[in-house]
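Below is one structure; the comments refer to it alone.
Residue numbering restarts at 1 for every chain, and letters A, B, ... go by the order of the sequence lines.
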Amino acid sequence: MKNTTQSRRLSNLGDRIKSLQTNEQPGFDRDHPANQAHVAWRMVIDLVAGIGVGVAVGFGLDHLFGTLPVLMVIFTLTGLAAGVNLMLRTAKEVSSAEREKSSESDGANPGQSTGQADRGTRGDACGN
Amino acid sequence: MEGDITQMGALIGAGLACTGMGGAAIGVGHVAGNYLAGALRNPSAAASQTAMLFIGIAFAEAFGIFSFLVALLLMFAL
Amino acid sequence: MATEAGDGLVIRPMDQFIVKPLFGDGPLMWYTPSNTSLWMAFSLIAVVLLLVLGTARRAHVPGRMQMIAELSYSFVFNMVRDVAGRDALKYFPLIMSIFVFVLFCNVLGLVPMSFTPTSHIAVTATLALAVFLSVTVLGFVLHGFGFLRLFWISSAPLPLRPVLAVIEVMSYFVRPVSHSIRLAGNMMAGHAMIKVFAAFAGVLGFGAFLPIVTISAVFALELLIAFIQAYVFTILTCVYLRDALHPAH
(Lines give C-alpha, C1' and ligand atoms only; values in the text may rest on other atoms or scores of the structure.)
Protein backbone atom coordinates (compact mmCIF):
# COMPACT_ATOMS: atom_id res chain seq x y z
CA MET A 1 0.00 0.00 0.00
CA LYS A 2 2.65 2.38 1.06
CA ASN A 3 4.72 1.36 -1.95
CA THR A 4 2.07 2.38 -4.50
CA THR A 5 1.49 5.80 -2.97
CA GLN A 6 5.22 6.32 -2.86
CA SER A 7 5.66 5.38 -6.48
CA ARG A 8 2.74 7.61 -7.41
CA ARG A 9 4.35 10.47 -5.55
CA LEU A 10 7.63 9.69 -7.28
CA SER A 11 6.07 9.84 -10.73
CA ASN A 12 4.26 13.02 -9.74
CA LEU A 13 7.62 14.42 -8.68
CA GLY A 14 9.04 13.60 -12.09
CA ASP A 15 6.18 15.44 -13.78
CA ARG A 16 6.56 18.40 -11.49
CA ILE A 17 10.29 18.61 -12.13
CA LYS A 18 9.67 18.45 -15.85
CA SER A 19 7.04 21.17 -15.78
CA LEU A 20 9.23 23.39 -13.62
CA GLN A 21 12.17 22.84 -15.93
CA THR A 22 10.17 23.80 -18.99
CA ASN A 23 8.54 26.78 -17.34
CA GLU A 24 11.53 28.33 -15.66
CA GLN A 25 13.71 28.93 -18.66
CA PRO A 26 15.94 31.76 -17.52
CA GLY A 27 16.63 34.73 -19.70
CA PHE A 28 14.34 36.22 -22.30
CA ASP A 29 11.82 34.41 -24.45
CA ARG A 30 13.76 33.57 -27.55
CA ASP A 31 10.69 32.55 -29.54
CA HIS A 32 8.83 35.78 -29.12
CA PRO A 33 8.17 37.32 -32.55
CA ALA A 34 9.85 40.57 -31.55
CA ASN A 35 13.00 38.69 -30.62
CA GLN A 36 13.11 36.80 -33.89
CA ALA A 37 13.95 39.94 -35.84
CA HIS A 38 17.62 39.16 -35.35
CA VAL A 39 17.19 36.10 -37.57
CA ALA A 40 16.32 38.28 -40.56
CA TRP A 41 19.19 40.59 -39.74
CA ARG A 42 21.54 37.58 -39.53
CA MET A 43 20.50 36.47 -43.02
CA VAL A 44 21.06 39.97 -44.42
CA ILE A 45 24.56 40.19 -43.02
CA ASP A 46 25.40 36.68 -44.21
CA LEU A 47 24.43 37.64 -47.75
CA VAL A 48 26.35 40.89 -47.72
CA ALA A 49 29.41 39.36 -46.07
CA GLY A 50 29.34 36.53 -48.62
CA ILE A 51 29.54 38.91 -51.54
CA GLY A 52 32.09 41.05 -49.70
CA VAL A 53 34.38 38.10 -49.07
CA GLY A 54 33.92 36.96 -52.67
CA VAL A 55 34.92 40.33 -54.07
CA ALA A 56 37.88 40.61 -51.71
CA VAL A 57 39.22 37.12 -52.48
CA GLY A 58 38.70 37.55 -56.22
CA PHE A 59 40.33 40.97 -56.28
CA GLY A 60 43.28 39.73 -54.26
CA LEU A 61 43.86 36.72 -56.50
CA ASP A 62 43.50 38.89 -59.61
CA HIS A 63 46.02 41.31 -58.20
CA LEU A 64 48.37 38.36 -57.64
CA PHE A 65 47.99 36.81 -61.09
CA GLY A 66 47.31 39.93 -63.14
CA THR A 67 44.01 38.71 -64.59
CA LEU A 68 41.87 41.51 -63.33
CA PRO A 69 38.23 40.97 -64.14
CA VAL A 70 38.05 37.17 -64.50
CA LEU A 71 38.58 35.76 -61.01
CA MET A 72 36.78 38.65 -59.38
CA VAL A 73 33.58 37.87 -61.30
CA ILE A 74 33.85 34.16 -60.54
CA PHE A 75 34.48 34.65 -56.84
CA THR A 76 31.76 37.28 -56.52
CA LEU A 77 29.25 34.79 -57.88
CA THR A 78 30.63 32.09 -55.58
CA GLY A 79 30.34 34.48 -52.65
CA LEU A 80 26.73 35.20 -53.54
CA ALA A 81 26.04 31.46 -53.67
CA ALA A 82 27.75 31.02 -50.30
CA GLY A 83 25.65 33.78 -48.77
CA VAL A 84 22.46 32.24 -50.10
CA ASN A 85 23.62 28.87 -48.78
CA LEU A 86 24.14 30.27 -45.29
CA MET A 87 20.79 32.04 -45.48
CA LEU A 88 18.94 28.88 -46.46
CA ARG A 89 20.65 27.01 -43.63
CA THR A 90 19.43 29.60 -41.14
CA ALA A 91 15.94 29.37 -42.64
CA LYS A 92 16.02 25.60 -42.25
CA GLU A 93 17.00 25.99 -38.59
CA VAL A 94 14.12 28.40 -38.00
CA SER A 95 11.53 26.20 -39.69
CA SER A 96 12.73 23.04 -37.93
CA ALA A 97 12.56 24.82 -34.55
CA GLU A 98 9.06 25.96 -35.47
CA ARG A 99 8.02 22.41 -36.35
CA GLU A 100 9.51 21.03 -33.13
CA LYS A 101 7.63 23.57 -31.09
CA SER A 102 4.31 22.88 -32.81
CA SER A 103 4.73 19.12 -32.35
CA GLU A 104 5.60 19.71 -28.68
CA SER A 105 2.49 21.78 -28.10
CA ASP A 106 0.47 19.10 -29.90
CA GLY A 107 1.71 16.54 -27.44
CA ALA A 108 1.07 18.77 -24.44
CA ASN A 109 -2.51 19.72 -25.25
CA PRO A 110 -3.94 17.62 -28.07
CA GLY A 111 -6.51 19.21 -30.35
CA GLN A 112 -5.09 22.70 -29.98
CA SER A 113 -2.52 23.01 -32.68
CA THR A 114 -3.57 26.35 -34.11
CA GLY A 115 -1.26 29.28 -34.19
CA GLN A 116 -3.51 31.09 -31.74
CA ALA A 117 -2.96 28.53 -28.97
CA ASP A 118 0.72 28.58 -29.71
CA ARG A 119 0.83 32.35 -29.39
CA GLY A 120 -1.02 32.14 -26.07
CA THR A 121 1.42 29.74 -24.43
CA ARG A 122 4.27 31.83 -25.68
CA GLY A 123 2.77 34.93 -24.15
CA ASP A 124 2.59 33.11 -20.81
CA ALA A 125 6.20 32.09 -21.11
CA CYS A 126 7.11 35.70 -21.77
CA GLY A 127 5.61 36.76 -18.49
CA ASN A 128 8.00 35.10 -16.11
CA MET B 1 34.90 75.52 -51.60
CA GLU B 2 37.63 73.06 -52.37
CA GLY B 3 37.89 69.73 -54.12
CA ASP B 4 37.85 68.81 -57.78
CA ILE B 5 35.21 67.71 -60.22
CA THR B 6 35.91 63.99 -59.69
CA GLN B 7 35.06 64.37 -56.05
CA MET B 8 31.89 66.22 -56.92
CA GLY B 9 30.87 63.42 -59.27
CA ALA B 10 31.65 60.81 -56.64
CA LEU B 11 29.58 62.59 -54.00
CA ILE B 12 26.64 63.04 -56.39
CA GLY B 13 26.92 59.37 -57.28
CA ALA B 14 26.93 58.45 -53.60
CA GLY B 15 23.74 60.41 -53.09
CA LEU B 16 22.14 58.71 -56.08
CA ALA B 17 23.21 55.29 -54.80
CA CYS B 18 21.38 55.98 -51.57
CA THR B 19 18.06 55.94 -53.45
CA GLY B 20 18.56 52.19 -53.66
CA MET B 21 17.97 52.01 -49.92
CA GLY B 22 14.54 53.48 -50.51
CA GLY B 23 13.89 50.63 -52.91
CA ALA B 24 14.90 48.17 -50.21
CA ALA B 25 12.49 49.85 -47.81
CA ILE B 26 9.66 49.44 -50.33
CA GLY B 27 10.62 45.80 -50.83
CA VAL B 28 10.68 44.99 -47.12
CA GLY B 29 7.36 46.71 -46.59
CA HIS B 30 5.85 44.76 -49.47
CA VAL B 31 7.11 41.42 -48.13
CA ALA B 32 5.98 42.06 -44.56
CA GLY B 33 2.64 43.50 -45.61
CA ASN B 34 1.83 40.56 -47.86
CA TYR B 35 2.88 38.15 -45.13
CA LEU B 36 0.59 39.87 -42.67
CA ALA B 37 -2.30 39.82 -45.14
CA GLY B 38 -1.81 36.11 -45.75
CA ALA B 39 -1.37 35.37 -42.04
CA LEU B 40 -4.62 37.12 -41.18
CA ARG B 41 -6.48 35.08 -43.78
CA ASN B 42 -5.06 31.77 -42.56
CA PRO B 43 -3.49 32.13 -39.10
CA SER B 44 -2.85 28.41 -38.67
CA ALA B 45 -0.46 28.36 -41.63
CA ALA B 46 1.37 31.53 -40.62
CA ALA B 47 3.84 30.00 -38.18
CA SER B 48 5.18 27.54 -40.77
CA GLN B 49 5.99 30.33 -43.20
CA THR B 50 8.12 32.59 -40.99
CA ALA B 51 11.27 31.17 -42.56
CA MET B 52 10.07 32.25 -45.98
CA LEU B 53 9.26 35.67 -44.54
CA PHE B 54 12.80 36.02 -43.26
CA ILE B 55 14.26 34.94 -46.59
CA GLY B 56 12.19 37.54 -48.41
CA ILE B 57 13.12 40.29 -45.98
CA ALA B 58 16.80 39.32 -46.10
CA PHE B 59 16.96 39.43 -49.88
CA ALA B 60 15.18 42.76 -50.08
CA GLU B 61 17.29 44.30 -47.35
CA ALA B 62 20.59 42.91 -48.66
CA PHE B 63 20.31 44.85 -51.90
CA GLY B 64 19.64 48.01 -49.95
CA ILE B 65 22.82 47.40 -48.01
CA PHE B 66 24.69 46.88 -51.28
CA SER B 67 23.64 50.33 -52.42
CA PHE B 68 24.74 51.71 -49.06
CA LEU B 69 28.14 50.04 -49.51
CA VAL B 70 28.43 51.50 -53.02
CA ALA B 71 27.70 54.93 -51.56
CA LEU B 72 30.37 54.43 -48.89
CA LEU B 73 32.89 53.29 -51.51
CA LEU B 74 32.17 56.34 -53.65
CA MET B 75 32.55 58.67 -50.69
CA PHE B 76 35.65 57.26 -49.05
CA ALA B 77 37.49 54.95 -51.43
CA LEU B 78 37.57 57.01 -54.57
CA MET C 1 30.10 63.61 -29.41
CA ALA C 2 28.12 66.44 -30.95
CA THR C 3 29.43 69.93 -30.50
CA GLU C 4 27.43 73.04 -31.19
CA ALA C 5 29.72 75.29 -33.14
CA GLY C 6 28.93 78.88 -33.99
CA ASP C 7 27.60 78.05 -37.46
CA GLY C 8 24.65 75.82 -36.66
CA LEU C 9 24.32 72.07 -36.46
CA VAL C 10 27.51 70.04 -36.38
CA ILE C 11 26.96 66.34 -35.89
CA ARG C 12 29.96 64.15 -35.21
CA PRO C 13 28.40 60.83 -34.28
CA MET C 14 31.53 58.83 -34.96
CA ASP C 15 33.85 60.76 -32.63
CA GLN C 16 32.87 58.50 -29.73
CA PHE C 17 34.61 55.58 -31.41
CA ILE C 18 38.06 57.19 -31.58
CA VAL C 19 40.67 55.13 -29.76
CA LYS C 20 42.79 57.41 -27.57
CA PRO C 21 45.73 56.64 -25.33
CA LEU C 22 44.89 57.12 -21.68
CA PHE C 23 48.03 59.04 -20.75
CA GLY C 24 49.36 61.78 -22.99
CA ASP C 25 49.15 61.94 -26.77
CA GLY C 26 51.89 59.50 -27.66
CA PRO C 27 51.70 57.12 -30.58
CA LEU C 28 49.17 54.33 -30.23
CA MET C 29 51.04 51.04 -30.05
CA TRP C 30 49.61 47.66 -29.21
CA TYR C 31 50.82 47.94 -25.62
CA THR C 32 49.57 51.50 -25.04
CA PRO C 33 46.82 51.63 -22.41
CA SER C 34 43.92 53.13 -24.33
CA ASN C 35 40.24 53.65 -23.67
CA THR C 36 39.52 50.34 -25.41
CA SER C 37 41.68 48.40 -23.00
CA LEU C 38 40.32 50.41 -20.07
CA TRP C 39 36.71 49.49 -20.81
CA MET C 40 37.59 45.89 -21.58
CA ALA C 41 39.27 45.78 -18.18
CA PHE C 42 36.15 47.30 -16.63
CA SER C 43 34.01 44.60 -18.17
CA LEU C 44 36.39 41.92 -16.90
CA ILE C 45 36.17 43.43 -13.41
CA ALA C 46 32.37 43.45 -13.65
CA VAL C 47 32.39 39.80 -14.72
CA VAL C 48 34.60 38.87 -11.77
CA LEU C 49 32.41 40.87 -9.39
CA LEU C 50 29.28 39.15 -10.62
CA LEU C 51 30.43 35.59 -11.09
CA VAL C 52 33.14 35.19 -8.45
CA LEU C 53 32.23 37.56 -5.64
CA GLY C 54 28.51 37.21 -6.29
CA THR C 55 28.59 33.48 -5.70
CA ALA C 56 31.33 33.46 -3.08
CA ARG C 57 28.92 33.00 -0.17
CA ARG C 58 27.31 29.95 -1.80
CA ALA C 59 24.07 30.66 0.02
CA HIS C 60 21.35 28.05 -0.12
CA VAL C 61 18.84 30.84 -0.56
CA PRO C 62 20.60 32.98 -3.16
CA GLY C 63 20.70 36.72 -2.89
CA ARG C 64 20.26 39.01 -5.87
CA MET C 65 23.81 38.81 -7.18
CA GLN C 66 24.01 35.06 -6.79
CA MET C 67 20.62 34.74 -8.46
CA ILE C 68 21.77 36.70 -11.50
CA ALA C 69 25.03 34.75 -11.68
CA GLU C 70 23.23 31.40 -11.47
CA LEU C 71 20.64 32.51 -14.02
CA SER C 72 23.28 33.52 -16.54
CA TYR C 73 25.16 30.29 -15.92
CA SER C 74 22.14 28.09 -16.51
CA PHE C 75 21.06 30.21 -19.48
CA VAL C 76 24.32 29.56 -21.30
CA PHE C 77 24.41 25.96 -20.09
CA ASN C 78 20.96 25.24 -21.56
CA MET C 79 21.90 27.01 -24.76
CA VAL C 80 25.03 24.90 -25.26
CA ARG C 81 23.13 21.71 -24.46
CA ASP C 82 20.20 22.49 -26.76
CA VAL C 83 22.13 23.85 -29.72
CA ALA C 84 25.45 22.01 -29.73
CA GLY C 85 24.48 18.80 -27.96
CA ARG C 86 25.55 17.14 -24.72
CA ASP C 87 29.06 16.28 -25.89
CA ALA C 88 29.74 19.99 -26.40
CA LEU C 89 29.42 20.65 -22.67
CA LYS C 90 33.16 20.02 -22.40
CA TYR C 91 33.69 23.35 -24.15
CA PHE C 92 31.18 25.21 -21.98
CA PRO C 93 33.85 27.40 -20.27
CA LEU C 94 34.90 28.91 -23.61
CA ILE C 95 31.35 29.75 -24.58
CA MET C 96 30.46 31.10 -21.14
CA SER C 97 33.53 33.39 -21.22
CA ILE C 98 32.63 34.66 -24.66
CA PHE C 99 29.04 35.32 -23.61
CA VAL C 100 29.77 37.23 -20.42
CA PHE C 101 32.62 39.21 -21.98
CA VAL C 102 30.58 40.32 -24.99
CA LEU C 103 27.53 40.99 -22.84
CA PHE C 104 29.40 43.17 -20.38
CA CYS C 105 31.27 45.05 -23.11
CA ASN C 106 27.92 45.78 -24.79
CA VAL C 107 26.09 46.80 -21.64
CA LEU C 108 28.91 48.88 -20.12
CA GLY C 109 29.15 50.71 -23.44
CA LEU C 110 25.68 52.11 -22.73
CA VAL C 111 26.94 54.03 -19.70
CA PRO C 112 27.15 57.71 -20.71
CA MET C 113 30.64 58.98 -21.62
CA SER C 114 31.85 55.40 -21.87
CA PHE C 115 33.46 53.53 -24.73
CA THR C 116 32.20 50.36 -26.39
CA PRO C 117 35.03 47.97 -27.26
CA THR C 118 32.66 45.70 -29.20
CA SER C 119 31.83 48.53 -31.60
CA HIS C 120 35.26 48.06 -33.17
CA ILE C 121 35.66 45.43 -35.83
CA ALA C 122 39.20 44.86 -34.56
CA VAL C 123 37.82 43.56 -31.25
CA THR C 124 34.95 41.51 -32.63
CA ALA C 125 37.09 40.12 -35.45
CA THR C 126 39.61 38.93 -32.87
CA LEU C 127 36.84 37.17 -30.96
CA ALA C 128 35.36 35.68 -34.13
CA LEU C 129 38.78 34.62 -35.35
CA ALA C 130 39.50 32.94 -32.03
CA VAL C 131 36.24 31.02 -32.33
CA PHE C 132 36.92 30.19 -35.98
CA LEU C 133 40.46 28.94 -35.38
CA SER C 134 39.63 26.94 -32.27
CA VAL C 135 36.63 25.32 -33.93
CA THR C 136 38.61 24.43 -37.05
CA VAL C 137 41.53 23.02 -35.06
CA LEU C 138 39.11 21.11 -32.87
CA GLY C 139 37.40 19.62 -35.90
CA PHE C 140 40.70 18.45 -37.39
CA VAL C 141 41.93 17.08 -34.06
CA LEU C 142 38.73 15.14 -33.40
CA HIS C 143 38.08 13.83 -36.90
CA GLY C 144 41.34 14.14 -38.79
CA PHE C 145 40.69 14.60 -42.48
CA GLY C 146 37.18 13.27 -41.93
CA PHE C 147 36.40 16.85 -40.91
CA LEU C 148 36.42 17.69 -44.62
CA ARG C 149 33.20 15.70 -44.95
CA LEU C 150 31.59 18.91 -43.72
CA PHE C 151 32.15 20.29 -47.21
CA TRP C 152 31.22 17.14 -49.14
CA ILE C 153 27.45 16.85 -49.19
CA SER C 154 26.75 13.16 -49.68
CA SER C 155 23.02 13.66 -50.16
CA ALA C 156 23.50 15.64 -53.39
CA PRO C 157 23.89 13.97 -56.81
CA LEU C 158 27.51 13.16 -57.63
CA PRO C 159 28.19 15.60 -60.49
CA LEU C 160 26.89 18.46 -58.37
CA ARG C 161 29.07 17.72 -55.36
CA PRO C 162 32.29 19.53 -56.39
CA VAL C 163 30.34 22.72 -57.10
CA LEU C 164 28.57 22.45 -53.78
CA ALA C 165 31.90 21.77 -52.08
CA VAL C 166 33.31 25.05 -53.43
CA ILE C 167 30.24 26.89 -52.18
CA GLU C 168 30.47 25.19 -48.79
CA VAL C 169 34.14 26.09 -48.38
CA MET C 170 33.30 29.67 -49.29
CA SER C 171 30.46 29.66 -46.72
CA TYR C 172 32.85 28.35 -44.11
CA PHE C 173 35.14 31.31 -44.67
CA VAL C 174 32.29 33.81 -44.84
CA ARG C 175 31.05 32.80 -41.39
CA PRO C 176 33.74 34.49 -39.24
CA VAL C 177 33.40 37.66 -41.32
CA SER C 178 29.66 37.92 -40.82
CA HIS C 179 30.09 36.77 -37.21
CA SER C 180 32.26 39.79 -36.44
CA ILE C 181 30.55 42.37 -38.65
CA ARG C 182 27.16 41.63 -37.12
CA LEU C 183 28.17 42.49 -33.57
CA ALA C 184 30.31 45.51 -34.43
CA GLY C 185 27.77 46.89 -36.89
CA ASN C 186 24.88 46.65 -34.47
CA MET C 187 26.79 48.26 -31.64
CA MET C 188 28.17 51.05 -33.82
CA ALA C 189 24.86 51.86 -35.52
CA GLY C 190 22.94 52.16 -32.25
CA HIS C 191 25.49 54.39 -30.54
CA ALA C 192 25.84 56.62 -33.59
CA MET C 193 22.05 56.98 -33.73
CA ILE C 194 21.89 58.06 -30.09
CA LYS C 195 24.58 60.67 -30.72
CA VAL C 196 22.74 62.05 -33.76
CA PHE C 197 19.59 62.57 -31.69
CA ALA C 198 21.69 64.12 -28.93
CA ALA C 199 22.99 66.65 -31.44
CA PHE C 200 19.41 67.51 -32.40
CA ALA C 201 18.63 68.10 -28.73
CA GLY C 202 21.65 70.39 -28.47
CA VAL C 203 20.40 72.92 -31.03
CA LEU C 204 16.66 72.82 -30.44
CA GLY C 205 16.58 74.75 -27.15
CA PHE C 206 13.16 74.36 -25.54
CA GLY C 207 12.04 71.92 -28.21
CA ALA C 208 14.71 69.53 -26.97
CA PHE C 209 12.24 67.35 -25.11
CA LEU C 210 11.28 65.61 -28.37
CA PRO C 211 14.78 64.25 -29.09
CA ILE C 212 15.20 63.45 -25.41
CA VAL C 213 12.07 61.29 -25.41
CA THR C 214 13.35 59.61 -28.57
CA ILE C 215 16.74 59.03 -26.97
CA SER C 216 15.10 57.35 -24.00
CA ALA C 217 13.20 55.00 -26.31
CA VAL C 218 16.29 54.28 -28.40
CA PHE C 219 18.25 53.64 -25.22
CA ALA C 220 15.77 50.98 -24.12
CA LEU C 221 16.02 49.41 -27.57
CA GLU C 222 19.81 49.52 -27.32
CA LEU C 223 19.72 47.67 -24.01
CA LEU C 224 17.68 44.93 -25.68
CA ILE C 225 20.04 44.87 -28.67
CA ALA C 226 23.10 44.69 -26.41
CA PHE C 227 21.68 41.54 -24.87
CA ILE C 228 20.39 40.00 -28.10
CA GLN C 229 23.66 40.53 -29.94
CA ALA C 230 25.63 38.84 -27.16
CA TYR C 231 23.11 36.02 -27.33
CA VAL C 232 23.39 35.75 -31.12
CA PHE C 233 27.18 35.81 -31.00
CA THR C 234 27.15 32.98 -28.47
CA ILE C 235 24.53 30.88 -30.20
CA LEU C 236 26.44 31.11 -33.48
CA THR C 237 29.54 29.96 -31.64
CA CYS C 238 27.49 26.97 -30.48
CA VAL C 239 26.35 26.29 -34.05
CA TYR C 240 29.93 26.33 -35.33
CA LEU C 241 30.99 24.07 -32.48
CA ARG C 242 28.25 21.62 -33.41
CA ASP C 243 29.53 21.58 -37.00
CA ALA C 244 33.01 20.76 -35.72
CA LEU C 245 31.77 17.98 -33.45
CA HIS C 246 29.48 16.36 -36.03
CA PRO C 247 30.84 17.23 -39.48
CA ALA C 248 28.71 14.72 -41.38
CA HIS C 249 25.44 16.20 -42.56
Side-chain angles (χ1 to χ4, degrees), chain A residues 20-58 60-61 71 74-94 96-97 100-101 104 126 128, chain C residues 67-79 81-83 99 103 121 124-125 128 151 153 156 163-186 189 221 223-225 227-236 238-240 242-243 249:
Chain A
L20 283 180
Q21 270 177 346
T22 50
N23 277 339
E24 299 221 343
Q25 286 284 334
F28 74 117
D29 179 19
R30 70 184 77 161
D31 299 323
H32 194 268
N35 291 336
Q36 272 191 330
H38 70 81
V39 177
W41 191 232
R42 200 170 125 185
M43 291 175 175
V44 172
I45 292 185
D46 274 341
L47 259 183
V48 175
I51 294 195
V53 168
V55 169
V57 169
L61 286 181
L71 285 177
I74 294 174
F75 273 94
T76 307
L77 292 178
T78 320
L80 178 64
V84 172
N85 180 24
L86 283 175
M87 199 175 84
L88 290 181
R89 200 179 291 166
T90 313
K92 212 190 289 171
E93 260 168 43
V94 170
S96 73
E100 232 169 61
K101 189 148 31 84
E104 246 173 45
C126 191
N128 50 32
Chain C
M67 193 80 174
I68 294 172
E70 285 175 358
L71 271 182
S72 58
Y73 184 94
S74 61
F75 177 66
V76 180
F77 190 87
N78 286 337
M79 184 158 73
R81 196 191 52 200
D82 293 347
V83 175
F99 177 72
L103 179 66
I121 286 198
T124 57
F151 308 122
I153 302 170
V163 182
L164 286 179
V166 170
I167 292 174
E168 285 286 329
V169 171
M170 200 72 185
S171 313
Y172 194 75
F173 284 105
V174 166
R175 285 193 321 193
V177 176
S178 63
H179 200 188
S180 56
I181 287 180
R182 186 177 303 112
L183 180 58
N186 270 297
L221 182 72
L223 201 58
L224 183 69
I225 286 180
F227 182 75
I228 285 184
Q229 286 306 316
Y231 166 72
V232 169
F233 197 90
T234 321
I235 206 165
L236 285 177
C238 291
V239 169
Y240 302 160
R242 182 189 61 195
D243 278 352
H249 282 275

Distance col, row C:H179:NE2 vs A:I45:CD1, nearest 0.5 angstrom, shows 11.5 Å

dist C:I153:CD1 -> A:N85:CG (nearest 0.5 Å) comes out at 6.5 Å

For C:M170 and A:G54, the nearest pair of non-hydrogen atoms, with its separation, is CE-CA, 3.6 Å

In short, C:V174 meets A:A49 closest at the heavy-atom pair CG1-C, 3.9 Å

Does C:R175 pair with A:D46 as a salt bridge, N-O distance under 4.0 Å?
no

Looking only at C:V169, C:I167, C:I225, most heavy-atom pairs under 4.5 Å shared with chain A are made by C:I167

task: State, with a plain yes or no, whether a side-chain heavy atom of C:N186 is found less than 4.5 Å away from one of A:W41.
output: yes

Query raised in the report: Side chains of C:L236 and A:R42: closer than 4.5 Å at any heavy-atom pair?
Result: yes

